[in-house]
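Let me begin by handing over the structure; questions about it come next.
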Amino acid sequence: MSVRVRFAPSPTGHLHVGGARTAIFNWLFAKHFNGAFIIRVEDTDQARSTHESEQMVLDDLRWLGLGWDEGPDVSGPHAPYRQSERRTIYGETAAALVAKGVAYRCYCSEEELEAKRKQAEVDGRPPHYDLKCWIDRRDDDAPHAIRFHVPDDGDVTIDDLIRGEVTWRKESLGDFIIVRSDGFPVYNFCVVVDDHDMDITHVIRAEEHLTNTHRQVLIYRAMEWAVPHFAHVSLILGQDRTKLSKRHGATSVSAYAEEGYLPDAMLNYLTLLGWSSPDGLDVFSREYAIQNFSLDRVNAAPAVFDPQKFEWLNGQYIHAMSAAELVPFVRPFFPSLSNTPWLEEGIDVVKTSVHRLTEFAGALLFVLEYAPPAVDRALAEKLAEDLRANGAPTDEASYKAMVERLKISTGLKGKALFMPLRLAMTGLDHGPELVRAIPLLQHASEVDARVLSPLARVEMILAS
RNA sequence: GGCGCAUUCGUCUAGGGGUCCAGGACGCCGCCCUCUCACGGCGGUAACACGGGUUCGAAUCCCGUAUGCGCUACCA
């Protein structure tokens, strides 16, 4: 049987990095085995789920480059892929469970249950359901929930692909609700029904679901369904070692996209958070990750999200890409330059100093903006003279030739020559190497009226 | 409280009884390259949570403690 995995987001906001990593692991696993990757929207919590959120999450997944074979927007053989649209099948399964005598109608009110829980806490007892409706079973249509009965016998063991064997004693678990009194089924029940119905072979999900798994296994057993393989991925933490949240700064995939991170870098970084390449690589392609991914190299310990390493990695991607490849990524961050013909050259000149796409604007500001700096007048005059006589440098050779002439005419060399030259040309005391910057200014000035040419710049100095 | 999971440099990790006085990466520090800022290269700093076992030998296996996290809902 071929591998079928699913990512099951709750549509309650943007995709967060934790969810993104879970999605990535599922995707890599599916691709590695040439299996199917399925998106299932878990929107049984009507109060929190919205359609807009679903769109956002799907958009975030697309941005990451994770394509799916079946899902709410593309349908598939097990449609629908939205839990809110699958109520019939849950109802049927719940009825089957009741018919088998393992689930029952519970007429207790929420208030009643809440009071019992509080009392149990005071008495130091586990807050389990007191079995009232199990002992006194009814089947009338008064408002009721459906509860799954857990006898206090034996235990439940799973062989988690990341954590190994995990065992729970059934007595540590009380009878639990599978269908709410409003008729909506509950997560722990839906997952089982859906994963079975959708022929999911491997359930790869966040660690917070680990302890819920024993409930789910009980339902599989009661329905006599094959239990899938489980793999529980650890949580991603913030720098203070608590679960990553808003106060740690950006946590959603879209926020990182807006901060100038590349989808490939994000995928690479998140993959590295918990998984390690068998070759010890930190930077690798999607293809490499697909080829080499395996659950047994996934770490069971939680991982702290490190913005510095992520930024470094993003820089690695930017540096490795050609300027032409970068242009479409940079454009959205650089509206004033979106149509300038010199953008590609500009990117090429400054990209090694950039770690995020948003930094290109600042790195290229010297092209568009110029305020005449204080520069030695004699040098400025020699420079102006040379530019008038020979034209501005347009490539490495003409730049070097100009530098040689200036060395002679000014008698300066090294830093004493280059720093004033840099200042005169860019208005700044730092920036890309002049051999690239000066030709860029010349080229840009030829095609963009807003850009001052090298000569125009020196003349401004002389005029001031 | 109960149950469960986790614990190697500041961070991500390699390691699955001897090859580890623990390797790589980010960060940090220094040197080199260099007109500057970067990039790149080289080097350095820094860790097996603690305590018991098992074993000739333990980062690796077992038990306990501590700490962190998760679940314990008619949330997912």
Side-chain angles (χ1 to χ4, degrees), chain A residues 8-12 42-45 47-49 83 106 108-110 113-114 117 120-121 124-128 143-147 160 162-164 166-169 171-174 176-188 190-191 205-215 232 234-235 237 239 241-243 269 272-283 296-297 299-313 315-316 319 350-355 363 403 413-423 426 428-435 437:
Chain A
S10 313
T12 55
E42 309 219 317
D43 56 352
T44 51
D45 184 352
R48 296 198 300 156
S49 304
Q83 289 185 330
C106 179
C108 299
S109 71
E110 284 193 65
L113 293 168
E114 183 58 28
R117 254 197 304 278
E121 200 181 328
R125 290 179 286 114
H128 293 167
H144 63 275
I146 297 178
R147 205 177 269 278
D160 192 277
I162 293 174
R163 280 146 220 283
V166 183
T167 301
W168 299 268
R169 285 199 310 279
E171 65 199 51
S172 68
L173 186 62
F176 57 91
I177 299 280
I178 56 174
V179 179
R180 299 178 176 97
S181 48
D182 64 4
F184 270 90
V186 139
Y187 165 78
N188 276 116
C190 297
V191 241
R205 72 211 333 177
E207 185 188 349
E208 59 200 276
H209 297 291
L210 179 61
T211 21
N212 282 322
T213 307
H214 63 330
R215 286 182 184 36
H232 288 91
S234 65
L235 261 25
L237 311 177
Q239 308 249 259
R241 301 212 134 261
T242 65
K243 192 171 166 178
Y269 181 68
L272 226 38
L273 227 47
W275 182 77
S276 60
S277 117
D279 305 303
L281 265 40
D282 283 305
V283 187
D296 51 26
R297 291 195 69 84
N299 200 137
V304 173
F305 189 92
D306 182 1
Q308 281 186 314
K309 184 154 185 177
F310 184 24
E311 184 163 315
W312 167 80
L313 190 61
Q316 294 297 304
H319 303 161
V350 302
K351 71 172 185 177
T352 53
S353 69
V354 165
H355 291 88
V403 167
K413 61 178 181 178
K415 206 171 221 168
L417 171 64
F418 289 105
M419 277 316 284
L421 180 59
R422 163 175 297 288
L423 210 50
T426 67
L428 302 168
D429 61 2
H430 62 89
E433 33 178 25
L434 290 172
V435 62

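Heavy-atom basis, side chains included; hydrogens, waters and symmetry copies ignored. Naming convention: chains lettered A, B, ... in sequence-line order (proteins, then strands); numbering from 1 in each chain.
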Looking at the side chain of A:R215, which of B:rC74, B:rU72, B:rA14 is the nearest nucleotide? B:rU72
Working to the nearest 0.5 Å, report the span between CG of A:N188 and CD1 of A:I177. 11.5 Å
The nucleotide from B:rC35, B:rG70, B:rC5 with an atom nearest the side chain of A:L434 is B:rC35
Side chain of A:R163 only, please: which of B:rC74, B:rC12, B:rA6 is the nearest? B:rA6
Regarding A:H144, tell me which of base, sugar-phosphate or nothing describes its non-hydrogen contacts under 4.0 Å with the strands shown. nothing
Any side-chain N or O of A:R205 under 4.0 Å from OP1/OP2 of B:rC71? no
Please tabulate the protein-to-nucleotide N/O contacts below 3.5 Å involving nucleotides 63-65 of chain B, giving atom names and distances.
none

More than 12 heavy atoms of other residues, nucleotides or ligands under 6.0 Å from CZ of A:R297: yes or no? yes
When all nucleic acid strands are considered with a 4.0 Å heavy-atom cut-off, which category describes A:Q308: base, sugar-phosphate, or nothing? sugar-phosphate
So for atom CD, which belongs to A:Q239, do other residues, nucleotides or ligands contribute more than 12 heavy atoms lying within a distance under 6.0 Å? yes
Got a donor-acceptor pair under 3.5 Å from the side chain of A:R422 to the base of B:rC35? yes
State which of B:rA76, B:rU13, B:rC37 makes the closest approach to the side chain of A:R48. B:rA76
Candidate nucleotides B:rC74, B:rU36, B:rC39, ranked by approach to the side chain of A:M419 - the nearest: B:rU36
From A:T352 OG1 over to A:E433 CD, what is the distance, rounded to the nearest 0.5 angstrom? 7.5 Å
Of the candidate nucleotides B:rA76, B:rU11, B:rC74, which contains the atom at the shortest distance from the side chain of A:S181? B:rC74
Is the side chain of A:R180 donor-acceptor paired with the backbone N or O of A:P185 at a distance under 3.5 Å, no angle test? yes
Going by the angle between their ring planes, with limits at 30° and 60°, are A:Y269 and A:F310 parallel, tilted or perpendicular? parallel
What contact category does A:P9 fall into here, base, sugar-phosphate, or nothing, at under 4.0 angstrom with non-hydrogen atoms? nothing
Would you mind telling me which residue lines up with the more 5' stretch of RNA chain B, A:W168 or A:S276, judged by nearest nucleotide? A:W168
Identify whether any heavy atom of A:C106 sits under 4.0 Å from a base atom; if not, whether one sits that close to sugar-phosphate; answer base, sugar-phosphate or nothing. nothing
Kindly indicate, with the supporting measurements, whether the criterion ring pair (Phe, Tyr, Trp, His ring centres under 6.0 Å) is fulfilled by A:H214 and A:F176. CA-CA 12 Å; A:H214 63 330; A:F176 57 91; 8.2 Å; no
If you assign A:S353 and A:N188 each to the RNA chain B nucleotide with the nearest heavy atom, which residue ends up on the more 5' nucleotide? A:S353
Among B:rG40, B:rU7, B:rC12, which is the nearest nucleotide to the side chain of A:Q316? B:rG40
Just compare B:rA14, B:rA76, B:rC71 and give me whichever is closest to any side-chain atom of A:T211. B:rC71
Candidates B:rC37, B:rG24, B:rC5 - which lies nearest the side chain of A:V166: B:rC5
For B:rC12, does either OP1 or OP2 sit under 4.0 Å from a side-chain N or O belonging to A:R297? no
Does B:rA76 have OP1 or OP2 under 4.0 Å away from a side-chain N or O of A:T44? yes
Which nucleotide in the set B:rG24, B:rG70, B:rC39 lies at the smallest distance from any side-chain heavy atom of A:E208? B:rG70
